[in-house]
Amino acid sequence: MFFVVLLLTFSGIISCEKSFLGSSSSASNSEVFDFLWNDIRNRYSYFELKQIDWDDLKDRYASLIDDGMDEFELFEVLADMLFELEDGHVNLTSSFNRSRNWDWSQNYPLNYNQGIIDRNYLGKDFHISGPLRHQVIDSILYVNYRSFADELRLQDLDAIVNRAKNLKGVIVDVRSNGGGALNNAFNLAGAFTGESYVYGKVRIKNGPCRDCFSSWTDLRVPAKNGNWFDGPVMVLINRSSYSSTTYFAEMMRQNPRATLIGDSTGGGGGSPVFGELPNGWMYRFSATQAMTIDNQHFELGIPVHLPVELNPNDESKGEDTILETALNQFR
Amino acid sequence: MGIFPDRCQYFKFGSCVALSILIIALKMKSTWTSAISRAVTTLPSTKVSSAGVEKLRDPFKGVFLHLTPHFERFKLRCVYVFLLAHFLNHGYAQTHNLWFGGGLRSEALRDMGYSPLVFSGLGLSGMLGYEKKAESKETIWMLNYSQAATSNIFERKLRATNVGLLNLNFYPRANKSFSWGWSNNNALHHRYISGFDNFNGRTDVFTAFGPAVQFKKQLQVKERNFVFSAVSHIQLLGFYLPSGYVSSLPSGFGYEPNGALKGFWQSIYLFYPGGAFNAAVWPKLEWQLKTGNSIGLQYFYEYTRMQGAQMHERSTGMWLLNFSMKIK
């Protein structure tokens with residue numbers, strides 16, 4: 001009898017783990033809206049910079065929410081609300097769509113033609129070192145890097161540095177590189193310096209109030225172990241250079257031997273934090289701020305030393321005006 | 001035979017309480033000071049002299065300046081007595097048991113830093129325990145490690161890892177099934193969502209003290225000896241370090257240019273009823289072999305809730321088979 005009681009007690013306890021936390025039952029549309037609006041209000045980092053009145057937006061968009069609307073209609077309203085943040089690091093992801101604001105690049109000239117680069121500059125015999133494609137043009141090493149999401153290893157950088165030895169200089173083309181892992185940006189910038197240096201500062205939201213941030217912390221470029229290239233470097237950027245590419249542009253802007261050519265980057269200075277809504281949709285938004293050492297927000301883009309646009313006449317002849325300008329700096 | 005009389009248990013408990021009070025006092029001072037400081041700096045116009053403002057910013061300033069040397073000595077004494085009492089033996093005949101076990105862990109958790117949804121799933125768990133029994137005192141140390149693969153109703157995956165060290169101390173009385181005592185629970189819990197690209201790991205650590213109770217009953221079935229025991233503890237005072245408001249690291253680290261000590265101090269929260277909660281129930285049935293060893297089946301249920309920058313709660317149960325051997 002005693003064992004029966006014991007077993008009943010045990011079986012009463014087991015499988016209760018989940019029930020102690022309450023249920024994850026489906027949330028109403030207004031609950032989903034409130035959850036998203038609140039989290040953005042509490043943790044988004046650029047309201048002040050962009051002069052966005054988030055409370056005002058709540059009034060406007062909450063009135064569009066109806067618990068009877070279907071998931072597609074709900075998605076549209078939430079996506080429109082997030083669009084107001086004008087931030088490429090803000091997305092709402094459901095199984096049927098991903099909202100985004102790409103105005104930071106789509107409202108500007110592209111200034112990059114992949115076909116011309118492939119056919120007329122890289123040619124058929126370019127080298128490949130990890131994610132880097134490189135070619136020697138008139139004793140100048142041209143390096144093309146498409147995404148900082150592609151891992152850059154030390155041996156890839158060694159290949160670049162070794163190939164650039166005894167050449168006039170290096171051109172790093174990160175136009176239309178939408179970013180990725182910041183580590184790759186550190187490593188690539190480190191290949192062009194013999195010592196670590198500060199290139200900016202960063203802080204993170206640490207509370208719900210508008211000015212609740214951590215202290216500013218220095219951002220540093222680490223020096224590369226072993227060989228590094230000590231000659232001149234040209235960095236090609238455009239408005240579609242975003243996020244980690246913006247960081248890379250600023251790292252190189254602070255390098256006295258580097259020149260930035262093309263158009264300013266698209267921004268993307270806030271590291272995005274991710275979250276999940278009660279209905280399972282995933283969202284992300286910027287939760288940090290980064291500034292240059294002269295107090296300019298990365299979010300607004302990194303300016304170039306030498307502004308150049310792709311000339312349609314040159315393009316029709318198969319020439320890249322921005323790359324040609326960079327090559328002419330060395331010739 | 002130990003060199004200390006059994007009453008050193010009172011020193012031990014007293015020192016735990018003293019340490020907790022110390023932490024509360026320091027944390028309250030810090031909270032009060034920063035709250036006042038914020039209030040003063042946000043006042044539109046403060047018609048108070050600069051000394052008055054300074055006093056408002058830190059009303060304890062004079063008191064603590066005056067008490068600082070005493071306070072530091074008191075702090076050191078607390079730590080000294082606590083450590084001394086913890087590592088000295090008691091003067092009675094003792095038995096020592098070492099036990100280990102393994103089994104399944106069922107985990108359910110909610111971390112508002114990720115999602116309002118509950119993640120649940122199964123994993124594996126291992127335990128290593130040490131038990132020391134004297135006439136008037138029973139001490140249990142239990143180290144456990146477990147990992148569980150959890151998911152929510154929308155199939156988002158989260159991996160949860162837990163390392164815990166639990167210390168229980170009971171003071172049994174003759175012919176009584178119930179014995180009271182105290183406990184110290186320490187745990188590190190790490191969660192990881194691979195589907196999020198940034199800030200995808202979150203961790204919290206706590207250490208806390210509280211009362212514990214044990215029920216123990218000897219049973220005999222078909223000339224075989226069994227012991228049924230059930231332990232319960234609740235943690236009331238201590239401290240914890242949760243992940244930051246956004247970041248994976250505690251708020252005093254990573255984005256703050258702090259040293260380890262300052263970062264730690266900036267990151268800790270007071271563990272007290274209302275702010276944090278941890279309790280467990282631990283029923284166990286053991287078949288005692290003639291060699292003095294035993295084989296047991298146990299279920300360990302634990303609930304933890306911590307209101308850090310983001311609320312995190314978890315409810316876990318472990319089914320374990322264990323083997324216990326008498327080592328002395």
Side-chain angles (χ1 to χ4, degrees), chain A residues 2-3 5-7 9-11 13-27 31-32 35 39 42-43 45 89 93 95 149 180-182 201-209 212-218 271-282 284-288, chain B residues 38 104-110 112-121 150 152-156 193 195-200 217 219 221 226 228 230 244-247 249 251-258 266 281 283 285 297-299 301-303 305 309-310 313-319:
Chain A
F2 186 78
F3 281 103
V5 174
L6 274 184
L7 280 173
T9 311
F10 275 23
S11 57
I13 297 171
I14 59 165
S15 305
C16 287
E17 292 92 7
K18 198 175 168 183
S19 58
F20 283 116
L21 302 187
S23 66
S24 290
S25 58
S26 58
E31 283 170 338
V32 171
F35 189 90
D39 200 19
N42 293 339
R43 297 199 290 168
S45 56
H89 277 154
T93 308
S95 57
L182 205 51
K201 54 190 178 181
V202 65
R203 62 179 186 171
I204 193 168
K205 282 285 284 180
N206 66 1
C209 61
C212 286
F213 283 94
S214 66
S215 315
W216 288 105
T217 305
D218 284 348
S271 295
V273 62
F274 289 69
E276 188 180 36
L277 293 176
N279 64 354
W281 294 348
M282 191 170 81
R284 68 171 192 163
F285 57 87
S286 301
T288 66
Chain B
R38 268 200 302 276
L104 282 178
R105 177 183 180 96
S106 169
E107 175 132 7
L109 66 93
R110 177 188 280 120
M112 296 299 282
Y114 289 137
S115 168
L117 301 172
V118 174
F119 288 78
S120 62
T150 68
N152 64 24
I153 51 170
F154 298 104
E155 296 176 13
R156 196 168 307 288
I193 290 192
F196 292 176
D197 289 342
N198 289 328
F199 309 117
N200 45 8
K217 183 95 180 160
L219 306 164
V221 181
F226 292 88
F228 172 75
Y245 191 67
V246 171
S247 71
L249 289 168
S251 54
F253 296 96
Y255 283 83
E256 293 285 358
N258 287 331
Q266 197 174 316
V281 184
L285 183 65
L297 176 66
Q298 51 182 286
Y299 176 77
Y301 174 79
E302 188 172 25
Y303 175 81
R305 181 189 166 95
Q310 312 284 347
E313 61 178 340
R314 58 183 185 266
S315 168
T316 58
M318 291 185 285
W319 271 104

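Per chain, numbering begins at 1; letters A, B, ... match sequence-line order.
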Problem set entry | Under 4.5 Å from a heavy atom of chain A, the part of B:Asp197 involved | both
Exercise. In terms of heavy-atom proximity below 4.5 Å to chain A, should B:Tyr114 be classed as side chain, backbone, both, or neither?
Worked result: backbone
Exercise. Side chain, backbone, both or neither: which part of A:Thr288 has a non-hydrogen atom closer than 4.5 Å to chain B?
Worked result: side chain
Compare all side-chain heavy atoms of [X] with those of [Y] and state whether any distance is below 4.5 angstrom.
| X | Y | value |
| --- | --- | --- |
| B:Tyr303 | A:Leu21 | yes |
| A:Asn206 | B:Ser251 | no |
| B:Ile193 | A:Glu276 | no |

Exercise. Of all residues at least two apart in sequence or in a different chain, which pass the side-chain contact (heavy atoms from CB on, under 4.5 Å) check with A:Asn42?
Worked result: A:Pro208, B:Tyr245
Exercise. Can you name the nearest heavy-atom pair linking B:Leu117 to A:Pro278, along with the distance?
Worked result: CD2-O, 3.5 Å
Seminar exercise, completed: Taking every heavy atom of B:Val246 against every heavy atom of A:Ala287, the minimum-distance pair comes out as CG1-CB, 3.7 Å
Problem set entry | From A:Ser215 atom OG to B:Gln266 atom CD, the distance as rounded to the nearest 0.5 Å | 7.0 Å
Exercise. Based on non-hydrogen pairs under 4.5 Å, which of B:Glu313, B:Arg314, B:Arg305, B:Met112 is most in contact with chain A?
Worked result: B:Glu313
Problem set entry | Partner residues of A:Phe213 under the ring-ring contact (aromatic ring centres under 6.0 Å, His included) criterion, sequence neighbours left out | none
Exercise. When only pairs under 4.5 Å are counted, which of A:Val202, A:Asp39, A:Asn279 shares the most heavy-atom pairs with chain B?
Worked result: A:Asn279
